[in-house]
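In this chain, residues are counted from 1 in sequence order. A quick note: this is a predicted structure, and the numbers were derived from the prediction, not measured.
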Amino acid sequence: MTTSQSPIASGISRRGILASALAGVGTLALTACQGSGSAGTTGANDELTIAGQSDNLTQVFNPFLPNTAQGLTYTSQGSGGFIYEPLVQINTVDIGNDLPWLAKTWRWSDGNKTLTLDLQTGVKWTDGTAFSADDVVFTFTLLKNYAALNTLGAEFAKVSAPSASQVVFTFAVPSQQFFTNIVSCPIVSKHIWSAVKDPTSYTDKNPVGTGPFKLSTFSAQSFVLVRNEDYWQPKAQIKSLRFVAYKDNAGMTNALVQGQADWAGSFIANADKTYVARSSHNHYWAPINGTDGLIPNLERWPLSDLAVRRAISLGVDRKQVAAASNDVAATSVTGLPMPAYTSSIAPQYKGLNFVQDVNKAHQTLTDAGYTKGSDGYYEKSGKRVEFSISFPSSYTEIAARAQVLVSQLKDIGIKLNVDTTTVNDINPMTAKGDFDSTMGYPVNSAPRAFSYYNDTINPNLYYPIGKATPTWQNIERFQNAEAATLFDEYPKATTDAQRQQIIDQLETIFVENLPWIPMFYWGSYSDYSTAKVTGFPTPQDPYFSPVPNPVVALRLKPV
């Protein structure tokens, strides 16, 4: 594929849920607010205040590490953002319409085993040093040498720079399906990072990037990114962005409602009444980006039993679960987000949706040899059907859904316990398999149908309990020989029809094995005020994800 589309012409949407501790969530009561709710009534319209979440804000900007200050900018670990940029911005609002960025064009050859990217010229690092293909080669060599940094799973055989403005990746097997993993990585400078002794512990307190903004001031509560005056694209019209850390969604929501913040990526319960109705400038939009639900650990009973998973899927009221967080109930039994992936649904599953059937849920358990105990819960071999759901306590959006599930599962004789943890601890827990179940799948939104399944159920990404999955893919630890073969065969497909045939078979494996239980479609929550600036994406003009990101920031215009 080759493209020469303007980098500012369209847009993307990346979630990075849990992976970067950004999901603003909660339904806590608001404190009393004053005024109309228009943001930032003091000062000129040259600085936007962005509310984000951080349990412990420290001056670490290494883009490859977890729980860094970069997370406050809504930049997922291992992805490009406001400071460090990617080669291409992946578009998950308009699937397949990806944006050239540091790479202006790209093309596959040699049966999709060679990827050639032509780079932008005239790009400089913020210390004035010229950017070149050597920086790209250095970055990916770094990822190859330090697996812990390669959180996007960028796999390749070789990377080279035939010239200062061209980079060539070669792969051992056809690898077009991993395009998004490769081009989303943040590019770092060779002249600075080559002197770093240990990049896995490097704090990078004063980052030097190619992005539209650079670090100005930093404190334990907030930091300011100022406009890069020598940016290679038309520079931002907003002079600075102030990122303020809040412990939870209640603080973020209060800041938005009271006009202390202009922009955030936060879930707001009853957003129309709580936020939008308070000012004509206030807007809330959450375009659907993926599917979420109950994510089981398939190596722990009782969720290791397909009968239990099927009973749960049959017994839950998905509309009620979704309504707990203003989301949309999942429909397609394939798990694919609808309607965006309608064209990817296999013929036998078109229009085949999840249907609640409590009686069938009970029958499924009894047929599998489960009997009800005196406490009203099913049991087998003297063990009660009981498990916990783990998630960060500050993510009260998930807590609201979990409470609905506790009640619904009790009605079908299954005991669910809530087990909360911290934002910083959830990823290590799920990566190592130290959980019964969770919610809030820790991968980015799926830019392709293949990537959706690859991230969630690829058996080739299996790690045994106790060994952490480096990219948080297949945290269920799903194993299936047929699926493993299909994932291996997909790269070898040479036509769209062949690729779709494999997707069709993966859908069947998903439906028949139910490796995890889809319940609702999630969106990229976004809250923004147009009191100071205009140019945000809207449902009428969905050019990009509305979550704080550099693409939108470059399009904003002061009022």
Measure the CD1-CG distance between Ile389 and Asn417 for me, rounded to the nearest 0.5 Å. 11.0 Å
Identify the heavy atoms of Gly78 and Leu152 that sit nearest to each other, and give their distance. O-CD1, 3.2 Å
Please round to the nearest 0.5 Å and tell me the distance separating atom OH of Tyr275 and atom CD1 of Ile268. 6.5 Å
Within a strict 4.5 Å, meaning less than it, do heavy atoms of the Asn56 and Asn67 side chains meet? no
From the list Val406, Asp327, Thr396, side chain to side chain contact (heavy atoms under 4.5 Å, CB included) with Arg401 holds only for Asp327
Hey, are the side chains of Met429 and Ser390 touching, using non-hydrogen atoms and a 4.5 Å cut-off? yes
Could you measure the distance from the CG atom of Asn150 to the SG atom of Cys185? Nearest 0.5 Å is fine. 6.0 Å
Steps toward side-chain contact (heavy atoms from CB on, under 4.5 Å) verdict (Leu405, Met439): CA-CA 11 Å; Leu405 284 176; Met439 185 176 287; 3.7 Å; yes
Tell me which one of Lys415, Lys383, His362, Arg384 satisfies side-chain hydrogen bond (donor to acceptor under 3.5 Å, both in side chains) with Tyr378. His362
So, the side chain of Glu476 versus the backbone of Pro296: is there a donor-acceptor pair under 3.5 Å, distance only? no
Given Ser451 and Asn454, is the side-chain hydrogen bond (donor to acceptor under 3.5 Å, both in side chains) satisfied, shown in steps? CA-CA 5 Å; Ser451 57; Asn454 184 65; over 6 Å; no
Whether Thr495 side chain and Gln498 backbone form a donor-acceptor pair below 3.5 Å: yes
Indicate, with yes or no, if the rings of Phe267 and Tyr525 have centres closer together than 6.0 Å. yes
When you check the side-chain N and O atoms of Asp425 and Thr422, is any donor under 3.5 Å from an acceptor? yes
If you round to the nearest 0.5 Å, how far is OG1 of Thr253 from CG of Asn249? 3.5 Å
Would you mind reporting whether Asp419 and Phe391 have side-chain heavy atoms less than 4.5 Å apart? no
Minimum-distance pair of heavy atoms, taken over all atoms of Leu72 and Ser54: CD1-CB, 4.2 Å
Are the side chains of Phe171 and Leu115 in contact, using a 4.5 Å heavy-atom criterion? yes
Report yes or no: does Lys410 contribute a side-chain atom to a donor-acceptor pair with the main-chain N or O of Tyr377 at less than 3.5 Å? no
With side-chain contact (heavy atoms from CB on, under 4.5 Å) as the test, would you mind laying out the steps for Phe64 and Thr139 before giving the verdict? CA-CA 11 Å; Phe64 304 111; Thr139 297; 4.2 Å; yes
Passes side-chain contact (heavy atoms from CB on, under 4.5 Å), Glu386 versus Ile414? Steps please. CA-CA 6 Å; Glu386 178 178 3; Ile414 295 175; over 6 Å; no
So, the side chain of Ser407 versus the backbone of Val404: is there a donor-acceptor pair under 3.5 Å, distance only? no
With a 6.0 Å cut-off on the ring centroids, do Phe510 and Phe478 count as close? no
Looking at Lys350 and Thr342, would you say the former's side chain and the latter's main chain have a donor-acceptor pair under 3.5 Å? yes
Can you name the nearest heavy-atom pair linking Ser175 to Val173, along with the distance? OG-O, 2.8 Å
So, the side chain of Asn474 versus the backbone of Ile457: is there a donor-acceptor pair under 3.5 Å, distance only? no
Walk me through it: do Leu365 and Lys360 pass the test side-chain contact (heavy atoms from CB on, under 4.5 Å)? CA-CA 9 Å; Leu365 289 172; Lys360 191 172 181 179; over 6 Å; no
Tell me the closest heavy-atom pair linking Ala154 and Ile182, and the distance in Å. CB-CD1, 3.7 Å
Quick check: does any side chain N or O of Asn62 sit under 3.5 Å from a backbone N or O of Pro199, one acting as donor and the other as acceptor? yes
Under 3.5 Å: donor-acceptor pair, side chain of Asn513, backbone of Pro515: no
Name the one of Asp455, Ile295, Asn297 that satisfies side chain to side chain contact (heavy atoms under 4.5 Å, CB included) with Ile475? Ile295
Side-chain contact, heavy-atom cut-off 4.5 Å: Val385 with Glu379? no
Indicate yes or no: at least one non-hydrogen side-chain atom of Gln473 is less than 4.5 angstrom from one of Tyr462. no
Which is it for Arg300 and Ser388 under the side-chain hydrogen bond (donor to acceptor under 3.5 Å, both in side chains) test, yes or no, and what are the steps along the way? CA-CA 11 Å; Arg300 282 190 181 181; Ser388 63; 5.8 Å; no
Taking every heavy atom of Ile345 against every heavy atom of Leu336, the minimum-distance pair comes out as CD1-CD1, 3.7 Å
If only atom types and distance count, is the side chain of Thr203 paired as donor or acceptor with the main-chain N or O of Val60 below 3.5 Å? no
How long is the gap from OH on Tyr453 to CD1 on Ile503, to the nearest 0.5 Å? 7.5 Å
Between Gln500 (side chain only) and Ser344 (backbone N and O only), is there a donor and an acceptor less than 3.5 Å apart? yes
Phe169 six-ring centre to Lys158 NZ/CZ under 6.0 Å and within 45° of normal: no
Ring pair (Phe, Tyr, Trp, His ring centres under 6.0 Å) for Phe82 and Phe243? Distances and angles first, verdict last. CA-CA 12 Å; Phe82 288 89; Phe243 292 88; 5.5 Å; yes
Take atom NZ of Lys319 as the centre, draw a 6.0 Å sphere, and report whether it contains more than 12 heavy atoms from other residues, nucleotides or ligands. no
Flag the pair Tyr490 / Arg499 as yes when at least one side-chain heavy-atom distance between them is below 4.5 Å, and no otherwise. yes
Spatial distance of atom OG1 (Thr291) from atom CH2 (Trp522) [nearest 0.5 Å]: 8.5 Å
Is it the case that Lys380 places NZ or CZ above or below the six-membered ring of Tyr370, under 6.0 angstrom from the centre and within 45 degrees of the axis? yes
Do other residues, nucleotides or ligands put more than 12 heavy atoms under 6.0 Å from Glu299 CD? yes
Derivation of the side-chain hydrogen bond (donor to acceptor under 3.5 Å, both in side chains) call for Asp367 and Thr364: CA-CA 5 Å; Asp367 287 349; Thr364 299; over 6 Å; no
Mind checking whether Gln53 and Ser394 have side chains closer than 4.5 Å, heavy atoms only? yes
Which is it for Thr274 and Tyr284 under the side-chain hydrogen bond (donor to acceptor under 3.5 Å, both in side chains) test, yes or no, and what are the steps along the way? CA-CA 10 Å; Thr274 302; Tyr284 179 84; over 6 Å; no
Shortest non-hydrogen contact from Trp516 toward Gly293: CZ3-N, 3.7 Å
